[in-house]
Structure formats: structure tokens, C-alpha cells
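What follows is one structure encoded as C-alpha cells, with my remarks underneath.
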Amino acid sequence: MRETTIYMYEKPELRNPIFIEGLPGIGLVGKLAADHMIQELEAVKFADLYSPHFMHQVIIRRNAIVELMKNEFYYWKNPDENGRDLIIITGDQQVAPTDSPGHYEVVGKMLDFVGEFGTKEIITMGGFQVPELQGEPRVLAAVTHEDVAEHYKKKLEGCSTEILWREDEGGAIVGAAGLLLGIGKLRSMYGISLLGESLGYIVDPKAAKAVLNAVTRILGIELDMSALDERARETEEILQKVQEMQKAMLEQGMPGTQEEEDRNYL
């Protein structure tokens, strides 16, 4: 395999589909959000993307079966005859951060593929690392065009998650969540990036839920979030146990800072 390849198993007829990306990254926020959306909508898998720019390894699945690293495309047909369909991508990994040409090639192949179905709108999901969290995670938003910002702001009115618009100059969105919008813009596509605040070093279902609150508001659909809520409770219990362990270790005068022990445990 010398270049990124997409194997399509069926070619669905889709109505003006919106492309939604949720690949592994900070806190696995984007992947958790995409996987939850796929599960709740009962979206149908219809293509796999393989690339030599992924890690040179296979994943061992159940019953000792090995598979190449891949990303997966799913589609969902909107039951509302006036609604728009979705193409969702999730998967095992993104390209290594040091492989800049690889990122461009993989993202270009994704856009080539969804473009065949008439896709013009892109929503990317991911995490935004912060040193600490106070209250519920917020979602940072950035868009491809100024007029598009007003479009999304209207759709996000009344969203239960606080949206922070990246209106100050500076900053970056690394990986597919940024490049899909940047390269898509050159192809006359438009869209929005939604990044949930996350500590980054733990799997973060709370941030994934915050992002999905915004995405579902834009799409005008509803999703059952109970599975993410349960997973968030489990994560909080783990963090609480870690904090208790750290406190006990500090009281006993054991070596190692709380931050170091926290990271090692997790």
C-alpha cells in the first residue's frame, strides 16, 4: 500500500449530506462523540480508509483477529423528507503529528470521497486541552467564513453548552479537525470546528457530551446521552480514587508529585 485508499462497500443515495468528523485526539473527545452518534442513530458503515501514514501496526480484535489501522465512514438517512443526511467518520487513529504531508494526503482523500456525494458542509469535533476545569466543559468554535459564523450562531442559540467563539487572532487547530475545514474551504466547502474543553490525559465523555450538545443543536436532532453520562460518572469515580491515593501518599511522605503519580496511574 503506497497511498491512502478507500474501500467502499455500497454507494448510498444521500441528500445534501453533512460530513461529520470525530477521530482520536485530545481526551478522545471527537471519537467518543462520533461513536455515540453512530450508535444512537444506528448509522450504517459503508466504507473504510486505509493509509500507509497510519502507525505500522495492526490491532488485535476479539478472538485474536488482527486488522490494519483504519478509519470508517458511516451514513445516516434523515427520516425527515426535508432533512439532510449525514456522513460520519471515526476510526483507530490520525496520522502521526510529525507526518505533515501524510495529514494533507489523508484529509484530501476524505474530501474527495465525501465530495462524490455532494457534500458542502463539514462539522469537525475534538478536544481542546486546558490546565484545569471549573464547572461544565465549554466548547470552542471556529468557522471557515465570516458569514458562516452568523449562520451557526443562530443555530446554537439556546444551546445547553456554553460556546466560546475563537474571535481573537492566533491559535491553531491541529490534525483532521482543522485541515478538513482549511482544505475544504479551498474546495468551496464551509463548516465549523467544535472543540470541547478537556484535561486531555483522560478519556473525556463529559467533553464529548458538550460537543454533541452543540452538534445536535446545529443539526436539529435529538440524541439519548445517558450512555455518555454513565461513562462520565465512571471517569469521575476513577479521578476521585486517584486524588484519594495521592492525598494518602503525600500524608505518608511517599515520593512523587501529585501530577506525576496522576499521569502514571491513568
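Only a predicted model underlies this, so the values are computations on that prediction, with no experimental measurement involved.
Note that CG of Leu180 is 12.0 Å distant from CD1 of Ile123, once rounded to the nearest 0.5 Å. Rounded to the nearest 0.5 Å, atoms CD (Glu105) and OG1 (Thr4) are 3.5 Å apart. Here the straight-line distance linking atom CE of Met1 with atom CZ of Phe54 works out to 9.5 Å at 0.5 Å rounding. Here the straight-line distance linking atom CG of Leu195 with atom CD1 of Ile26 works out to 8.0 Å at 0.5 Å rounding. If you take CE on Met110 and CD1 on Ile87, they are separated by 12.5 Å, rounding to the nearest 0.5 Å. Taken from NZ in Lys45 to CD in Glu10, the straight-line distance is 12.0 Å, to the nearest 0.5 Å.
Both Ile122 and Leu49 belong to a single network of hydrophobic side chains, linked directly or stepwise wherever heavy atoms of I, L, V, M, F, W or Y lie under 4.5 Å apart. Residues Leu228 and Leu223 share a hydrophobic cluster, clusters being chains of Ile/Leu/Val/Met/Phe/Trp/Tyr side chains in contact below 4.5 Å. Cluster annotation: Ile20 is not connected to Ile6 through the hydrophobic network of ILVMFWY side chains, with a link wherever side-chain heavy atoms come within less than 4.5 Å. Both Leu179 and Val114 belong to a common hydrophobic cluster when Ile, Leu, Val, Met, Phe, Trp and Tyr are linked at side-chain heavy-atom distances under 4.5 angstrom. Hydrophobic clustering (side-chain heavy atoms under 4.5 Å, transitive across Ile, Leu, Val, Met, Phe, Trp, Tyr) keeps Ile38 apart from Phe73.
Ring to ring, Phe113 and Phe19 are not that close: their centroids are 6.0 angstrom or more apart. Ring centers of Tyr7 and Phe46: at least 6.0 Å apart, outside the cut-off.
Salt bridge Lys109/Asp48: absent, no basic N to carboxylate O contact under 4.0 Å. Taking 4.0 Å as the cut-off between side-chain N and carboxylate O, Glu157 and Lys154 do not count as a salt-bridged pair. The pair Lys70-Glu72 counts as a salt bridge, with a side-chain nitrogen and a carboxylate oxygen less than 4.0 angstrom apart. In summary, Lys31 and Asp92 do not engage in a salt bridge, as defined by a charged side-chain N under 4.0 Å from a carboxylate O.
A distance-only check finds no donor-acceptor pair linking the side chain of Arg231 to the backbone of Val203 [under 3.5 Å]. The backbone N or O of Gly115 lies less than 3.5 Å from no partner atom in the side chain of Arg187, so there is not a single donor-acceptor pair. Not one N or O on the side chain of Asn213 forms a donor-acceptor pair closer than 3.5 Å with the backbone of Ser160. Judged purely by atom type and a 3.5 angstrom limit, His53 has no side-chain atom pairing as donor or acceptor with the backbone of Tyr104. A distance-only check finds no donor-acceptor pair linking the side chain of Gln129 to the backbone of Ser198 [under 3.5 Å]. Asp85 contributes no side-chain N or O that, together with a main-chain N or O of Leu14, makes up a donor-acceptor pair within less than 3.5 Å. For the pair Thr5 (side chain) and Glu3 (backbone), a donor-acceptor distance under 3.5 Å is present.
Other residues, nucleotides and ligands contribute only 12 or fewer heavy atoms inside 6.0 Å of the CD atom of Glu146.
Relative orientation of the Tyr190 and Tyr152 rings is tilted, given thresholds of 30° and 60° on the angle between their planes.
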Requested in this report: Mind running side chain to side chain contact (heavy atoms under 4.5 Å, CB included) on Ile65 and Ile60 for me, showing each step along the way?
Outcome: CA-CA 6 Å; Ile65 304 300; Ile60 302 175; over 6 Å; no
Report task. Kindly determine whether Arg84 and Glu121 satisfy side chain to side chain contact (heavy atoms under 4.5 Å, CB included), including the steps that lead there. Result -> CA-CA 11 Å; Arg84 297 170 65 185; Glu121 182 175 2; 2.7 Å; yes
Query raised in the report: Between Val44 and Tyr74, is a side chain to side chain contact (heavy atoms under 4.5 Å, CB included) present by the stated rule, with each step listed?
Result: CA-CA 5 Å; Val44 179; Tyr74 291 77; 5.7 Å; no
Report task. Take His36 and Met225 through the test side chain to side chain contact (heavy atoms under 4.5 Å, CB included) and record every step on the way to the result. Result -> CA-CA 8 Å; His36 187 77; Met225 301 288 193; 4.2 Å; yes
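In this structure, a donor-acceptor pair under 3.5 Å is absent between the side chains of Glu13 and Tyr75.
In this structure the side chain of Leu28 never reaches within 4.5 angstrom of the side chain of Asp204, judged on heavy atoms. In this structure, the side chains of Leu41 and Leu86 come closer than 4.5 Å at one or more pairs of heavy atoms.
Nearest heavy-atom pair across Thr124 and Ala177 is OG1-O, 2.9 Å.
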